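What follows is a short report on a single structure.
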Amino acid sequence: MALPMLKFLRRSNDEDGLPPSVEDDWRIYAIGDIHGRLDLLDQLLGMLAADDALRPGKRRCLILLGDLIDRGPHSAQVIERVRALHGSGSDIRLLKGNHEEIFVMAARGDQGAVGFFRRIGGMETLASYGLPLSLSADMDDRAIAHWMMNYIPRADVDFLDSFVDHLTVGDYLFVHAGIRPRVPIAEQRPSDLRWIRGDFLNHGGRHDKMVVHGHSITPEVENLANRIGIDTGAYYSGRLTAIGLEGADRWFLQTGET
């Protein structure tokens, strides 16, 4: 089912001194890195539904900032849940994280990606698809790539590969990792949007848009003048974070510690 296009505002977030905003008839929720924590995703989705119900009726859009998979115990089940949401007619937008990038490469037979996939929690993802950790530990990269080619549903691989690199809504830019400072969005490299850290995190100047991102874990939300980081390490902290946006208002929802 085709989703409605989001309306874009034309001003940048600082050109007229006003706070960043989204269109008045939209309510936006964005969720940070899930990393296989289906329990936290379900809990946070319930919190968002309750929050939305308490507010005046508006069109709602849900954005996932990427890294649905790896590290946590239920990556396959998270993908299943998100695919169901995506197919339900809900307005949901999906950004590709670095973990989706590596998973897709490995699942399509790239043996060179498998070693890195191991190091970033990929074996936990394979366990969620039925390959026990006790077995994957003894398999070489060629065997892992072969297993993924044969046992990971191609529909899941294609679904993750279909995620977009960035999304602009009003004065906000949503990406997985960040942006290269002083580079126009149209000229940003996908590798930066999915992987960047230092140059972006250490940049104190304004960007053309207020950047909402995940990827870099912090104990609490980083609500700064030029960016908002909402990766609070859900897979080990138990805190999965969402940001809510409506007009010029901004608020946060978060699951509790485990």
Side-chain angles (χ1 to χ4, degrees), residues 1-34 41 43-66 82 84-97 162-179 181 184-186 188 193 200 203 205-215 220-232 240-255:
M1 177 177 182
L3 298 176
M5 293 295 293
L6 296 183
K7 295 181 179 179
F8 301 155
L9 300 181
R10 288 190 292 271
R11 67 177 179 84
S12 67
N13 69 344
D14 62 351
E15 72 179 20
D16 53 14
L18 296 175
S21 177
V22 298
E23 286 278 354
D24 288 338
D25 54 351
W26 281 96
R27 181 171 300 123
I28 307 296
Y29 293 104
I31 296 177
D33 303 35
I34 299 164
L41 175 60
Q43 182 183 347
L44 189 56
L45 289 174
M47 294 169 65
L48 297 187
D51 182 80
D52 188 56
L54 291 173
R55 298 175 183 273
K58 292 190 176 183
R59 291 186 290 175
R60 166 180 158 173
C61 177
L62 176 64
I63 301 169
L64 302 187
L65 296 182
V82 173
L85 286 171
H86 188 260
S88 70
S90 300
D91 194 346
I92 179 171
R93 312 300 170 103
L94 306 168
L95 302 185
K96 184 183 289 184
S162 73
F163 293 4
V164 300
D165 291 327
H166 62 85
L167 178 67
T168 301
V169 184
D171 299 320
Y172 287 88
L173 173 69
F174 298 87
V175 294
H176 174 65
I179 61 173
I185 292 302
Q188 295 281 336
L193 298 174
F200 169 66
H203 181 70
R206 297 272 183 170
H207 305 293
D208 288 342
K209 302 286 185 180
M210 173 62 80
V211 181
V212 179
H213 67 95
H215 185 59
E220 303 295 339
V221 170
E222 287 197 307
N223 191 10
L224 305 179
N226 62 350
R227 63 179 181 85
I228 304 169
I230 60 170
D231 181 359
T232 45
L240 180 61
T241 299
I243 183 173
L245 301 167
E246 180 179 326
D249 293 336
R250 179 190 308 164
W251 66 97
F252 300 94
L253 300 99
Q254 189 178 84
T255 61

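Worth saying up front: this structure is predicted, and the values here are computed from it rather than measured.
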Contact between [X] and [Y] at the side-chain level, heavy atoms closer than 4.5 Å - yes or no?
| X | Y | result |
| --- | --- | --- |
| Arg93 | Phe174 | no |
| Leu85 | Leu45 | yes |
| His166 | Leu173 | yes |
| His86 | Ile92 | yes |
| Asp25 | Lys58 | no |
| Asp91 | Trp26 | yes |
| Arg250 | Pro20 | yes |
| Leu64 | Leu95 | no |

For this session: Evaluate side-chain contact (heavy atoms from CB on, under 4.5 Å) for Ile179 paired with Val211, printing each intermediate quantity in order.
Result: CA-CA 8 Å; Ile179 61 173; Val211 181; 3.9 Å; yes

Hey, could you give me the [atom1]/[atom2] distance between [X] and [Y], rounded to the nearest 0.5 Å?
| X | Y | atom1 | atom2 | value |
| --- | --- | --- | --- | --- |
| Thr232 | Glu220 | OG1 | CD | 8.0 Å |
| Thr241 | Phe252 | OG1 | CZ | 8.5 Å |
| Leu167 | Asp165 | CG | CG | 11.5 Å |
| Leu65 | Ile230 | CG | CD1 | 4.5 Å |

Problem set entry | Pair Ile34-Leu44, side-chain contact (heavy atoms from CB on, under 4.5 Å): steps then yes or no | CA-CA 10 Å; Ile34 299 164; Leu44 189 56; over 6 Å; no

For this session: Report the residues that fulfil ring-ring contact (aromatic ring centres under 6.0 Å, His included) with Tyr172, sequence neighbours left out, ordered by chain and then residue number.
Result: none

For this session: Mind checking ring-ring contact (aromatic ring centres under 6.0 Å, His included) for His203 and listing every partner two or more places apart, or none if nothing turns up?
Result: His207

Exercise. Short question: side chain of Asn223, backbone of Ile228 - any donor-acceptor pair under 3.5 Å?
Worked result: no

For this session: Name all residues meeting the salt bridge (Lys or Arg N to Asp or Glu O under 4.0 Å) criterion together with Glu222; count only those two or more places apart in sequence or in a different chain, and write none if there are none.
Result: Arg227

Seminar exercise, completed: Sequence neighbours excluded, the answer for salt bridge (Lys or Arg N to Asp or Glu O under 4.0 Å) partners of Asp249 is none

Can you see which heavy atom on [X] is nearest to which on [Y], and at what distance?
| X | Y | result |
| --- | --- | --- |
| Val169 | Val22 | O-CG1, 3.9 Å |
| Ala248 | Pro19 | CB-CG, 4.0 Å |
| Ala225 | Arg206 | O-NH1, 3.2 Å |
| Gly214 | Asp33 | CA-OD1, 3.4 Å |

Exercise. Which is it for Leu41 and Ile31 under the side-chain contact (heavy atoms from CB on, under 4.5 Å) test, yes or no, and what are the steps along the way?
Worked result: CA-CA 9 Å; Leu41 175 60; Ile31 296 177; 4.2 Å; yes

Problem set entry | Evaluation steps, side-chain contact (heavy atoms from CB on, under 4.5 Å), between His176 and Phe163 | CA-CA 11 Å; His176 174 65; Phe163 293 4; over 6 Å; no

Problem set entry | Partner of Trp251 under side chain to side chain contact (heavy atoms under 4.5 Å, CB included), chosen from Leu245, Ile243, Asp51 | Asp51

Problem set entry | side-chain contact (heavy atoms from CB on, under 4.5 Å) partners for Asp52, two or more places apart | Arg27, Tyr29, Arg60

